[in-house]
Amino acid sequence: MKSHVWRPLYIVLGVIVLVMLARAILVPEDFGIGQRGYMYGWHRKGNEADWKAVKVKYKGTDYCKKCHQDKFNDLRQSPHAAIQCENCHGPALGHPDDPPTLTIDRSRGLCIRCHARLPYHGSGRGAIRGINPETHHPEAECVLCHYPHNPKLEAKR
Amino acid sequence: MIDRRDFCKKALLIAGGMAIPLSALELFNPKRLLAEKNDPSPTRWAFLVDTHKCVGCGFCVKACKIENETPYDANVTRTWVERYIVARDGKTYIDSPRGGRDGFTSPKIDQGVEPPAEVRNEEIEKAFFVPKLCNQCDNPPCVQVCPVGATYQTADGVVLVDRSWCIGCGYCIMGCPYGVRFFHPVYHVAEKCNFCYHRISKGMKTACVDACPFGARRIGNLKDPNDPVTRVIMTERVGVLKEEYGTKPQVFYIGLSREVK
């Protein structure tokens, strides 16, 4: 057959080879179907490990308890027992080495998250004792009068 | 020469053979049978939200943003809390200022318009808070629409995004009926809640579950019949969001109301 018939065929073959080559170079080796099949599992396997390797910042109350047993005991007997330390003290990260001191939130804004009075029945909020932040000593920090580790006691300072 | 008896026999055999659909033959594929018998994953993560217990403190949103390094002051978040106020005149007010990151501290309803709406206490018929997060659907529409395979479902049911592979086309953000996906302002790729995959795979709870003082958020393994969360989902009255979409969401809610979308 004449070459003008073959020429487009060579071009097509060349394009196919190029695409295959590009694919071999660009697509990572662990790219494939996961356990969820073609429709939902088509991915790069190594990415699962990437996500598992994200650093844990909030270590939980058990971590704090190891050194701060006294504060934990205070808190445990108070109506605030359910609140984990890091909600107010900030994430432990590598504390006490890194960071050596935590960013403690003593602001009014923290307390009124729950204690700004909203009388919503059908939600636990309605049952929480609350104040109107605009009229209840708006100039003062709550911790001046209230001891956050056990609000039933007066401020310990 | 074929006789009548033979002809009838063979005709029946062929007709019968053709009646067996190809899919039925798959039943006899021993590999597949084995795969279905020995489910490869012992885990299927599911979430349980009790809206009665949520007080709208927003500690979950704060913890989530810090734990997952979502820029704190950008108005995007992997999880958020919505406030619903249904007034006596039938009007429903919904707001979620900054995703509820700083809690709900005022009766003023912040819908981004001035002046903020306000419903007088005696006008409130019902009011409650609903935490939202990724539903980790069994049929995730966000995964189906991804043209490059950057988002996918793991064997334990969590939908993840491969940041190095995402091209930022935004199809998944459009495709999610729950609006849980957004563009990450730093990485410029699709971002979503992944049940704190780095925590749950270490045996910890998610940051939002740990931060919730009221037990409104819980996470469990659906494949473990003794898991307390699984027991609640199996034995109590739970609902899911937008069931009619067929996405099979795996975040279950106690105390849903028809106003919640």
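Here is how names work: the chains are called A, B, and so on, in the same order as the sequence lines, proteins then strands, and each is numbered from 1.
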- Query: Do other residues, nucleotides or ligands put more than 12 heavy atoms under 6.0 Å from A/Gln69 CD?
  - Reply: yes
- Message: Return the CG to NZ distance between B/Leu160 and A/Lys52, rounded to the nearest 0.5 Å.
- Response: 9.5 Å
- Query: In Å, rounded to the nearest 0.5 Å, how long is the span from CG of B/Asp156 to CZ of A/Arg36?
  - Reply: 11.0 Å
- Item | Side-chain heavy atoms of A/Trp51 within contact of B/His198, under 4.5 Å | no
- Message: Taking side chain as everything from C-beta outward and backbone as N, CA, C, O, which of these in B/Lys202 sits under 4.5 Å from a heavy atom of chain A? Side chain, backbone, both or neither.
- Response: side chain
- Message: Quick one, B/Ile66 and A/Glu86 - any side-chain contact, counting heavy atoms below 4.5 Å?
- Response: no
- Message: Counting only non-hydrogen atoms closer than 4.5 Å, does B/Arg83 touch chain A with its backbone (N, CA, C, O), its side chain (CB onward), both, or neither?
- Response: side chain
- Query: Which atoms form the tightest heavy-atom contact between A/Gly122 and B/Phe128, and what is the distance?
  - Reply: O-CB, 4.1 Å
- Item | Per-residue contact mode, A/Ile128 against chain B (heavy atom under 4.5 angstrom) | side chain
- Message: Whether the A/Asn47 and B/Tyr152 side chains hold a donor-acceptor pair (N or O, under 3.5 Å, no angle test) is what I'd like checked.
- Response: yes
- Task: Find out whether A/Leu118 and B/Pro107 are in side-chain contact, i.e. whether some heavy atom of one side chain is under 4.5 Å from a heavy atom of the other.
- Result: yes
- Query: Between B/Met204 and A/Tyr58, does a side chain to side chain contact (heavy atoms under 4.5 Å, CB included) hold up when you go through it step by step?
  - Reply: CA-CA 10 Å; B/Met204 303 174 78; A/Tyr58 282 83; over 6 Å; no
- A/Arg113 (side chain) donor-acceptor with B/Gly58 (main chain) under 3.5 angstrom: yes
- Item | Under 4.5 Å from a heavy atom of chain A, the part of B/Phe214 involved | side chain
- Working to the nearest 0.5 Å, report the span between SG of B/Cys57 and CG of A/Asn87. 7.0 Å
- Message: Under the criterion side chain to side chain contact (heavy atoms under 4.5 Å, CB included), I'd like the reasoning laid out for B/Ser164 against A/Arg44: C-alpha separation, chi angles, the key distance, then a yes or no.
- Response: CA-CA 10 Å; B/Ser164 64; A/Arg44 186 171 65 88; 3.0 Å; yes
- Heavy-atom neighbours of A/Phe31 CZ exceed 12 at 6.0 Å: yes
- Message: Taking side chain as everything from C-beta outward and backbone as N, CA, C, O, which of these in B/Ile124 sits under 4.5 Å from a heavy atom of chain A? Side chain, backbone, both or neither.
- Response: side chain
- Query: Hey, are the side chains of B/Trp165 and A/Pro28 touching, using non-hydrogen atoms and a 4.5 Å cut-off?
  - Reply: yes
- Considering only heavy atoms, which portion of B/Ile85 lies under 4.5 Å from any heavy atom of chain A: side chain, backbone, both, or neither? side chain
- So what's closer than 4.5 Å to chain A heavy atoms on B/Val159: side chain, backbone, both or neither? neither
- Taking NZ, NE, NH1 and NH2 as the nitrogens, is one of them in B/Glu69 or A/Lys57 under 4.0 Å from a carboxylate oxygen of the other? yes
- Task: Check the surroundings of atom NE2 in B/His52: do more than 12 heavy atoms from other residues, nucleotides or ligands lie under 6.0 Å from it?
- Result: yes
- Value rounded to 0.5 Å, distance of CZ in B/Phe104 from OG in A/Ser123: 10.5 Å
- Note on the structure: Most heavy-atom pairs under 4.5 Å with chain B, out of A/Lys55, A/Glu134, A/His121, A/Glu48, belong to A/Glu48
- Query: Would B/Val143 and A/Trp42 count as a side chain to side chain contact (heavy atoms under 4.5 Å, CB included) if you check the C-alpha gap in whole Å, the side-chain angles of each, and the deciding distance to 0.1 Å?
  - Reply: CA-CA 9 Å; B/Val143 174; A/Trp42 185 241; over 6 Å; no
- Message: A/His43 vs B/Thr151, test: side chain to side chain contact (heavy atoms under 4.5 Å, CB included). Steps then yes/no.
- Response: CA-CA 7 Å; A/His43 71 291; B/Thr151 186; over 6 Å; no
- Heavy-atom distance under 4.5 Å to chain A: side chain of B/Asp50, backbone, both or neither? neither
- Query: Do A/Met39 and B/Gln144 come close enough that some side-chain heavy atom pair is under 4.5 Å?
  - Reply: yes
- Query: Of the non-hydrogen atoms in A/Gly124 and B/Val55, which two are nearest, and what is the gap between them?
  - Reply: C-CG1, 3.6 Å
- Task: Indicate the atoms forming the closest heavy-atom contact of A/Val56 with B/Glu67, along with that distance.
- Result: CA-OE2, 3.3 Å
- Task: Under 4.5 Å heavy-atom distance to chain A, tell me which part of B/Thr154 shows up: side chain, backbone, both or neither.
- Result: both
- What heavy-atom pair brings A/Asp105 and B/Lys62 nearest, and what distance separates the two atoms? OD2-NZ, 4.4 Å
- Note on the structure: Okay, B/Ser257 and chain A: the region with an atom under 4.5 Å from a heavy atom over there is neither
- Message: Report which part of A/Ile33 has an atom under 4.5 Å of a heavy atom belonging to chain B: side chain, backbone, both, or neither.
- Response: neither
